> 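If you scroll down you'll find the structure; I have some questions about it.
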Amino acid sequence: MTEQAYNFAYLDEQTKRMIRRAILKGVAVPGYQVPFASREMPMPYGWGTGGVQVTAACLTPEDRLKVIDQGADDTTNAVSIRSFFRRTAGVAVTEATAEATLIQTRHRIPEHPLTEDQILVYQVPIPEPLRFLEPREPETRKMHSLEEYGLMHVKLYEDIARHGAIATSYDYPVKVEDRYVMDPSPIPKFDNPKLSDCPALQLFGAGREQRIYALPPYTRVVSLDFDDHPFDPSKADHDCDLCGSGDSYLDEVITDDAGSRMFVCSDTDFCRSRRAAGHIGRLGTPVGDAA
Amino acid sequence: MTQMQRTVLAAEAPLLQVRDLTKRYGARIGCADVSFDLWPGEVLGIVGESGSGKSTLLSCLAGHLAPDEGQVIFATASGPKDTVQMDEPERRRLSRTDWAFVHQNPRDGLRMGVTAGGNVGERLMAVGARHYGAIRDTATDWLGRVEIDASRIDDRPSAFSGGMQQRLQIARNLVTGPRLVFMDEPTGGLDVSVQARLLDLLRGLVREMGLSAIIVTHDLAVVRLLADRLMVMKSGRVVEQGLTDQVLDDPQHAYTQLLVSSVLQV
């Protein structure tokens, strides 16, 4: 139940109003980083303080919340944020992607296609895609406002010069509607194509850096590349060992100290629902029989 | 470029017209009432002692500092425009296409964490080049033109000697074929034999590409070699200007006479 000492979803109404204003501005200017007065949250920076504030500002009592961390519903970060909102907002929670109306995510986009009735909230550590190339904030702001994005390609050039291919595998820079270069948060580049033309509203919150940005539904998002080194949304070249899926993003799990390993879907809900539907991978067992 | 082509170019209109340029730092002046014309293909040297306002003047010309008064009219592709009044996007576009700026310290002009190829390619990518192979070929070509071995293309500038860093900086600036190059003490901090090679290289590039250049230096030997015309500054004002040989061989102003006679004869 809601703990009466707190307002609905922890933040007071004026704060939520301020955050909603930032979100609306972000939606109006897709990919633009809107500054907002980030609050102290009862969790450390790096644990999703930005995402939590955006979620708090968007939640209604009727919402059904899903929280994932690297695709999983059952890791510490996901569990603690889910129970935080269950206690402070009293909203229903779920692990099923299709049933959720609001999904807060850290570093993944769910495999199940999203719909127009859903909001996807990303936790963002460093919202500025140019940060490691240009340390000065006034300069990066100027570069965004004047569309000077040549430097972003210098980073990709360096990748190819050193590794023979674009070695950036997560946090892969994208261009939104031919205007702003945006940091998609550290999602694997495998997920980048899902950013584009997505029916759901996508919101990005960076708590420590005090920035919110957004992708409205059906926004065109293009991953940066070179003509002769096109963008490649790669993944591990395996099938999931539990559910047998050949087209989901995989985690590599070391299973003993003799070098054996298995590949499993990073999206736990996707993997479970496939197994429930009867798909079984190399090392999988039918649902219910699992130890 | 042949002498005839240069004459034809020069016959058109000045590339840069500077009128009454003044920059004050509070009550003190940085530079005051500087006026001159720079013609296409011409190299102008600005000499003077430390604190005479030469670097301030160069920064005002290149748009790094906002002057308090005066005009800097550049012959852009779409006609002459005052770059002081120009809005910032346009000025920044100029500074990465038609202009180039060579810093005294290559560390100011290079990205030290990026390979030589990336440094040369940055301006190309900034103006829209998106083909890795083509960018790399151009970078290789330019490293060759500034006498850096092509095998060093994937090394960072921090692994280069001072002279190589300076040559790399020049390659990085000239790769987009600018029309006007600002140089702030391009040979400062280099030993004499490296200086000589760099000057040789610069002279070759300036002639070959038909560049106009404004070179700030306190080294009279540099302007003697490179500059067609010379401006002598003292306390923020231009005290004498004219053809380089004329000013150096027959200095009129007392300060210029002092400057010329201060050079040690070996």
Side-chain angles (χ1 to χ4, degrees), chain A residues 29 32 126 128-168 171-176 178-181 189 192 220-232 234, chain B residues 63-64 66 86-97 99-100 107-140 142-143 148 150-159 168 171-173 175-176:
Chain A
V29 192
Y32 171 71
I126 294 166
E128 177 53 72
L130 302 164
R131 178 58 66 236
F132 292 109
L133 302 157
E134 174 54 68
R136 291 166 295 179
E137 175 71 16
E139 189 62 21
T140 53
R141 284 197 209 185
K142 196 164 275 173
M143 289 160 82
H144 279 294
S145 62
L146 302 180
E147 269 188 274
E148 288 180 3
Y149 290 131
L151 202 51
M152 210 69 245
H153 273 86
V154 173
K155 179 177 186 258
L156 302 179
Y157 171 94
E158 289 290 291
D159 261 11
I160 304 174
R162 275 186 216 156
H163 307 290
I166 299 178
T168 304
D171 230 343
Y172 194 102
V174 294
K175 193 161 204 182
V176 180
D178 280 330
R179 179 60 183 85
Y180 284 100
V181 165
K189 67 177 171 184
N192 270 20
R220 195 155 52 85
V221 179
V222 179
S223 303
L224 300 179
D225 59 5
F226 285 103
D227 297 343
D228 48 346
H229 285 267
F231 172 72
D232 170 31
S234 60
Chain B
H64 298 173
M86 196 180 259
D87 52 4
E88 199 175 3
E90 204 175 349
R91 192 163 53 231
R92 283 173 72 115
R93 198 171 311 123
L94 261 189
S95 69
R96 61 173 192 265
T97 53
W99 292 358
R107 280 163 192 277
D108 297 336
L110 291 172
R111 290 192 187 276
M112 298 306 282
V114 168
T115 61
N119 265 299
V120 178
E122 180 177 347
R123 271 171 81 107
L124 293 171
M125 294 183 247
V127 295
R130 291 292 178 265
H131 191 284
Y132 175 82
I135 293 169
R136 204 165 165 85
D137 290 346
T138 314
T140 312
W142 266 98
L143 289 183
I148 295 177
S151 64
R152 305 296 301 270
I153 190 169
D154 290 333
D155 289 347
R156 296 183 184 187
S158 45
L168 179 61
R172 169 186 159 91
N173 271 289
V175 66
T176 47

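The sequence lines fix the lettering, A, B, ..., with proteins before strands; numbering per chain opens at 1. As the structure is a prediction and not an experimental result, all values here were calculated from the model.
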> Is it the side chain or the backbone of A/His229 that comes within 4.5 Å of chain B heavy atoms, both, or neither?
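The side chain, not the backbone.
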> Please state whether the side chain, the backbone, both or neither of B/Ile153 comes within less than 4.5 Å of a heavy atom of chain A.
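The answer is the side chain of B/Ile153.
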> Do other residues, nucleotides or ligands put more than 12 heavy atoms under 6.0 Å from A/Arg162 CZ?
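Counting other residues, nucleotides and ligands, CZ of A/Arg162 exceeds 12 neighbours.
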> Please report the C-alpha distance between A/Tyr157 and B/Val114 in whole Å, then the side-chain angles of each, then the deciding distance to 0.1 Å, and finally whether the side-chain contact (heavy atoms from CB on, under 4.5 Å) criterion is met.
CA-CA 10 Å; A/Tyr157 171 94; B/Val114 168; 5.9 Å; no
> Give a yes or no answer on whether the side chain of A/Asp228 reaches the backbone of B/Tyr132 with a donor-acceptor pair at less than 3.5 Å.
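A pair under 3.5 Å: yes.
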> Quick one: salt bridge (Lys or Arg N to Asp or Glu O under 4.0 Å) pairs with a partner in residues 129-140 of chain B, sequence neighbours left out?
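For residues 129-140 of chain B: B/Arg136-B/Asp154.
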> So if I take each residue of residues 135-142 of chain A and look for any heavy atom under 4.5 Å from a heavy atom in chain B, which residues do I end up with?
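Listed by number: A/Glu139, A/Lys142.
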> Using atom types as modelled and distance alone, determine if a side-chain donor or acceptor of B/Glu122 lies under 3.5 Å from a backbone N or O of A/Gly150.
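Checking the backbone N and O of A/Gly150 against the side chain of B/Glu122, no donor-acceptor pair under 3.5 Å is found.
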> With a 4.5 angstrom heavy-atom cut-off, could you sort out which part of B/Arg111 is near chain A: side chain, backbone, both or neither?
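Side chain only.
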> Heavy-atom pairs under 4.5 Å with chain B: which of A/Leu146, A/Ile160, A/Leu133 has the most?
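Winner by heavy-atom pair count: A/Ile160.
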